[in-house]
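Shown next, in structure tokens, is the structure this report addresses.
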Amino acid sequence: MGVYARTPLAFERGEGARLYTADGEAYLDCMAGIAVNALGHSHPKLVQAVKDQAEKLWHTSNIFTIPGQEKLARMLTDHTFADVVFFTNSGTEAIECAIKTARKYHWARGNPERIDIIGFDGSFHGRTIAAVNASGNESYLEGFGPKLPGFVQVPWGDHEALKAAIGPTTAAILIEPVQGEGGARAVPDQCLKGLRQLCDETGVLLIYDEIQCGLGRTGKLFAHEWAEGAEPDIMAVAKALGGGFPVGACLATVEAAEGMKPGSHGSTYGGNPLAMAVGLAAMEELVKPELMDNVRAVAGYFTQQISGLKDRFPDVVVDIRGKGLLIGVKLATPNREFMQHARDQHLLIAGGGDNCVRLLPPLNLTLDEAREAVSALERACEAARAKAQALVA
Ligand code: PLP
């Protein structure tokens with residue numbers, strides 16, 4: 001189906017932060033499959049994990065015990081607020097599970113009327129019918145039938161609107177601690193703490209979507225950890241969890257998941273042995289403190305250098321946002337064109353809402369590679385300026 005506005009560029013292989021075309025042209029990958037290849041391409045430990053498991057067992061069924069699933073679940077619960085985990089194949093399925101878990105929680109407590117999920121403008125939670133309704137972005141909803149009941153949107157950052165939206169039918173608040181597609185907007189730490197408090201006061205569950213901003217991207221294992229005491233009740237993760245292999249998960253406290261009983265939910269593939277082997281290998285790398293140190297060092301360098309570009313190219317770079325290695329650069333010139341200028345310099349970056357481009361490099365990007373990316377960005381700024389000036393002339 002023609003659902004993607006693809007660029008004709010194709011790649012044959014990847015290694016670390018490099019992607020190579022069939023004729024050997026190298027590109028520096030600072031989008032990492034949109035925050036998926038967090039450990040770079042062809043990471044030896046992930047490659048080995050796939051090979052070893054592929055020779056043993058790919059798939060059984062969730063009617064059997066899957067030891068790898070228990071190990072990865074334990075690893076996730078050991079490192080988070082959560083007690084229980086449901087494995088999926090994608091981010092949007094993790095969001096589906098989060099929404100179902102929240103509604104079932106209230107239903108099990110004798111409050112079946114509590115179905116409303118409050119979301120925020122500019123959010124992105126995936127492409128299933130529930131996820132597009134939760135995001136509320138009109139362009140993703142158009143043509144797919146009536147908007148579903150039970151989904152409410154409030155403006156991002158509008159505390160009063162949020163408080164006013166909470167009522168007797170509210171089930172949960174769903175938020176990305178750092179918005180990804182929406183233009184790399186980070187929720188201030190005190191607001192996450194405020195959200196936690198508000199949820200505690202009203203009996204509403206707090207759901208974080210850490211599909212893009214989680215698993216080390218901001219320099220802590222999860223983005224909400226920057227705001228002490230702002231743990232969610234439920235959290236959706238995916239992307240980096242499989243390092244490029246499709247693995248997602250919905251994490252919850254035992255209390256929040258108390259409505260989820262045998263038969264409440266399921267997935268044929270979710271949590272299969274092959275996926276779990278890769279997920280385990282990825283998690284073993286993602287929890288390493290030295291990886292987080294690298295994220296903070298490289299992110300600091302990028303932020304400083306891109307601020308320099310903003311000073312020198314105020315006609316191109318308007319703002320720098322995000323957190324850690326989820327970096328948004330808001331532009332004065334069209335972001336799609338800027339992505340092409342970057343590609344012309346053999347640098348891959350992602351687009352984003354609010355006319356941003358996003359840098360989402362592998363978390364193990366070296367400082368030398370970051371320097372190379374900044375030089376390419378500088379040349380892309382020059383090209384964007386030249387194009388804008390040519391249009392005026
Ligand atoms: N939530 C967020 C914050 C995302 O960035 C994405 C994907 O970009 C999703 C949900 C959906 O994940 P998937 O495309 O794996 O279904």
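This chain uses plain numbering: 1 for the first residue, then up along the sequence. Every number for a ligand or one of its atoms is a count from 1 in the order of the listing. What you are looking at is a predicted structure, and each value in this text was computed from that prediction instead of being measured.
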Should [X] be counted as touching ligand 1, given the test is an N or O pair under 3.5 Å?
X      : value
Glu176 : no
Ile211 : no
Glu93  : no

Does the Lys NZ or Arg CZ of [X] fall within the cation-pi geometry relative to [Y] - under 6.0 Å from the ring centre and within 45° of the axis?
X      : Y      : value
Arg185 : Trp156 : yes
Arg358 : Phe302 : no
Arg343 : Tyr27  : no

Residue, atom name and distance, where the atom is the protein heavy atom closest to [atom]:
atom                    : result
atom 11 (C) of ligand 1 : Gly126 CA, 3.5 Å
atom 16 (O) of ligand 1 : Thr92 N, 2.8 Å
atom 5 (O) of ligand 1  : Gln212 NE2, 2.8 Å
atom 8 (O) of ligand 1  : Lys239 NZ, 2.9 Å
atom 12 (O) of ligand 1 : Gly91 CA, 3.4 Å

**OP:** Return a yes/no value: protein heavy atom under 4.0 Å from atom 14 (O) of ligand 1?
**Re:**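 No, because not a single protein heavy atom sits under 4.0 Å from atom 14 (O) of ligand 1.
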Subject >> Single-linkage hydrophobic cluster, 4.5 Å side-chain cutoff, Leu198 and Leu206 together >> reply: yes
Original post:
Are Ile349 and Leu363 connected, step by step, through hydrophobic side chains (Ile, Leu, Val, Met, Phe, Trp, Tyr) whose heavy atoms are closer than 4.5 Å?
Top reply: yes
**OP:** List the steps, then state whether salt bridge (Lys or Arg N to Asp or Glu O under 4.0 Å) holds for Arg109 with Glu258.
**Re:** CA-CA 9 Å; Arg109 299 192 146 214; Glu258 77 188 16; 3.0 Å; yes
**OP:** Tell me which part of Gln179 gets within contact of ligand 1: side chain, backbone, both or neither, using heavy atoms under 4.0 Å.
**Re:** neither
**OP:** Mind checking whether Glu181 contacts ligand 1 via backbone (N, CA, C, O), side chain (CB onward), both or neither, at a 4.0 Å heavy-atom cut-off?
**Re:** side chain
Subject >> Atom indices of ligand 1, in the order listed, that fall short of 4.0 Å to a heavy atom of Ser90 >> reply: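 Heavy-atom distances to Ser90 below 4.0 Å select 15 (O), 16 (O).
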Subject >> Close-contact set for ligand 1 against His125 heavy atoms, below 4.0 Å >> reply: 1 (N), 9 (C), 10 (C)
Original post:
Would you say Asp209 contacts ligand 1, with heavy atoms under 4.0 Å as the rule?
Top reply: yes
Original post:
Can you say whether the rings of Tyr140 and Phe124 are parallel (under 30°), tilted (30 to 60°) or perpendicular (over 60°)?
Top reply: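 Tyr140 and Phe124: perpendicular rings.
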Original post:
Is there a donor-acceptor contact under 3.5 Å from the side chain of Asn62 to the main chain of Gly270?
Top reply: yes
Original post:
Could you walk me through whether Arg18 and Glu372 pass the salt bridge (Lys or Arg N to Asp or Glu O under 4.0 Å) check?
Top reply: CA-CA 12 Å; Arg18 303 275 164 195; Glu372 198 184 319; 2.8 Å; yes
